[in-house]
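Contents: one structure, followed by commentary.
Whatever order the structure lists ligands and atoms in, that order sets their numbers, starting from 1. Numbering of residues begins at 1 and proceeds along the displayed sequence. Note that these values count all heavy atoms, side chains included, but never hydrogens, waters or copies made by symmetry.
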Amino acid sequence: MGKNVVQKILDSHIVEGKAQAGQEIGIRIDQTLTQDATGTMAYLQFEALGFDKVRTDLSVSYVDHNTIQEGFENADDHKYLETVAAKYGIKFSKPGNGICHQVHLERFGVPGKTLLGSDSHTPTGGGIGMIAIGAGGLDVAVAMGGGPFYLTYPKVVKVELTGSFKPWVAAKDIILKVLEILSTKGNVGTVIEYGGPALANLTVPQRSTITNMGAELGVTTSVFPSDAVTREFLRAQGRESSFTEVTADPDAAYERVIKIDLSELEPLAACPHSPGNIKRLRDLNHIAVDQVLVGSCTNSSYRDIMMVASLLKGRRIADGVTMGVACGSRQVLQMVARNGALADIVASGVRILENVCGFCIGNSMAPQTGGVSVRTSNRNFFGRSGTPSADVYLTSPESAVAAALSGRISDPREVFGEIKYPEIPEPEYFDADDSMVFPPAEDPSRITIFRGPNIGDPPASDPCPEAIKGTVTIKVGDKITTDHIMPAGSRLKYRSNIPKYSEFVFEREDPEFSGKALENKKKGIHNIIIAGESYGQGSSREHAAICPMYLGVKMVVAKSMERIHRANLINFGIIPAIFVNPDDYQLFDKGQDVEVKGLRGALEGDGILTLSIYGGTRNVKVTAALTDREKKMILAGGLINATRMGK
Ligand code: MIC
Ligand code: SF4
């Protein structure tokens, strides 16, 4: 039988394990990317593991998340990243060069290759035909050192696209539709492969909008074939020599095929507070809007910004609305500045934002109290905007402009009426200027790594104890994201300082959590987290595991758990356990004592643990089914300990 795109790329990269759905495999990683918020820890760990240089084809370190530079912390981190990159053979993309995913797509992505990034939206690279996966910084550090990346050989679901868009319907509406069909839960261990005749009319950046927001499905990644459209994009970027064709064989098999006819799609929105809460814009009753933001790694390409500029040209946004636009890269910003589109945007009353993550991570442009914000980004988790009382809706750029002009959430077909839908031709050539990407040093011995006072060592963890004598320090509900566990926004600048950043763990859920957990740790009491479905959704931030580890969390028991977060917990020696009977979740309360005897033996064996509660009068079974590799890590107290012991 023939192979699909996912199988073709994965199978040519397997170094351990068998190509069989559900089995753990190790793959060779060709390229890595990091961004500053996860990167400092990734490189500190790279150093702690003792590697002398990167062993990938290409590793790039981007600075795009923390560019606020209020205080010395961010600037110090940037200098650390620049010098560490120069020393170990990594390219460094300076702040101002753009958002990692957009820049990587434009300048570095290579079809048929594997990319591992310390950011959950690394699957953006799937738009150019890469298997591009998000992971914790420690996994990326290992891959940079030449080690394999471990994942479950996936089930492949095909999304077959037919027909063509009606005016005012965009690529964003495709991924919103897929989110409506598949939801944000229950897709762990799956990869989405796109195919069908409609691909011929979807450019690489449009494809990447779809694979980018595919992260919200909780899948391992999403991928498009590499075809004539891919070749054309690479040619216009001056990189045609990077092109390889990767397409599915005609008889390739899939776990499931989902068909979407583009001509039947309508403009959609993800409504508060989940990217999976999808509604048609025309059903949203013209809710009044306070803020509109275009940008983020989902919708900030040349086409997206040109679409916004064409729609704003000669018009003014509604008086009650604040609108901001952030280009995804310096390439895009430079091109729209040169061709005059930027002036049309400015003239319409829009604020021009830096070409970084900014508002998307809650670093800037927090809406007013109780405000309504329409954004083109990918996540609208509760509180992520920086204003917990705000409601955030996610739409296409076209629909965002419709909201800005009318002052209400509206279907763009209604706002623009008879106006002709703009045609945005792809440029013959993109401005390819890599002068803000520094190559590694020719003589690494001459580089001294800059370490400001905000940079700490990665914290050490203890081997797994014989037994757990602990307490439920917090009990949380379903769909707890890593934003809930480890807030970003204004707290981001402490990313390189674990004791300080740990003060904010579960800040919004329980402001006492951090203090209480540390107190328990000092008394030798193990902290346990009890959670509902899909624990650890969202970002790849390993701080959501490192900081709880630092506070003495030994185990998380959930109804279900997301892939990247589970891997991060294991990397830092925290046991990821799942209720055998999900109803047992009800039996737990904050402050309850929990004991687990014979812990190490059970973990080494079948992974079934017995939690004894109510003074030993009630036993609850949970399972921490670990692979042999994971067992070693958990028993050693994490990957760094396991690696040191193995040496
Ligand atoms: C996000 O979009 O949530 C982030 C911020 O890019 C994170 C990474 C981080 O926490 O630094 C992600 O998606 O992995
Ligand atoms: Fe940056 Fe937002 Fe993309 Fe995360 S989702 S990488 S914060 S732009």
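- Considering each of Met41, Arg384, His101, His65, the one bringing a non-hydrogen atom nearest atom 2 (O) of ligand 1 is Arg384.
- Nearest non-hydrogen protein atom to atom 10 (O) of ligand 1 is Arg541 NE, 2.5 Å.
- Near Asn378, meaning under 4.0 Å from one of its heavy atoms, ligand 2 places the atoms 5 (S).
- For Ile361, every heavy-atom contact with ligand 1 shorter than 4.0 Å involves the side chain, none the backbone.
- Here Cys360 fails the criterion, with no N, O or S atom under 2.8 Å of atom 1 (Fe) of ligand 2.
- No heavy atom of Gln35 sits closer than 4.0 Å to any atom of ligand 2.
- In terms of protein heavy-atom proximity, atom 1 (Fe) of ligand 2 is nearest to Cys357 SG, 2.3 Å.
- Atom 4 (Fe) of ligand 2 has as its closest protein heavy atom His65 NE2, 3.8 Å.
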Chi angles and distances behind the side chain to side chain contact (heavy atoms under 4.5 Å, CB included) call for Thr152, Glu24: CA-CA 4 Å; Thr152 307; Glu24 184 174 86; 5.7 Å; no

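- Between Arg495 and ligand 1 there is a heavy-atom distance shorter than 4.0 Å.
- Taking every heavy atom of Cys297 and a limit of under 4.0 angstrom, the matching atoms of ligand 2 come to 3 (Fe), 5 (S), 6 (S), 8 (S).
- The nearest heavy-atom contact from the protein to atom 8 (C) of ligand 1 is Gln35 NE2, 3.2 Å.
- Taking any N or O of Asp483, backbone or side chain, none lies under 3.5 Å from an N or O belonging to ligand 1.
- Atom 7 (C) of ligand 1 has as its closest protein heavy atom Ser539 CB, 3.2 Å.
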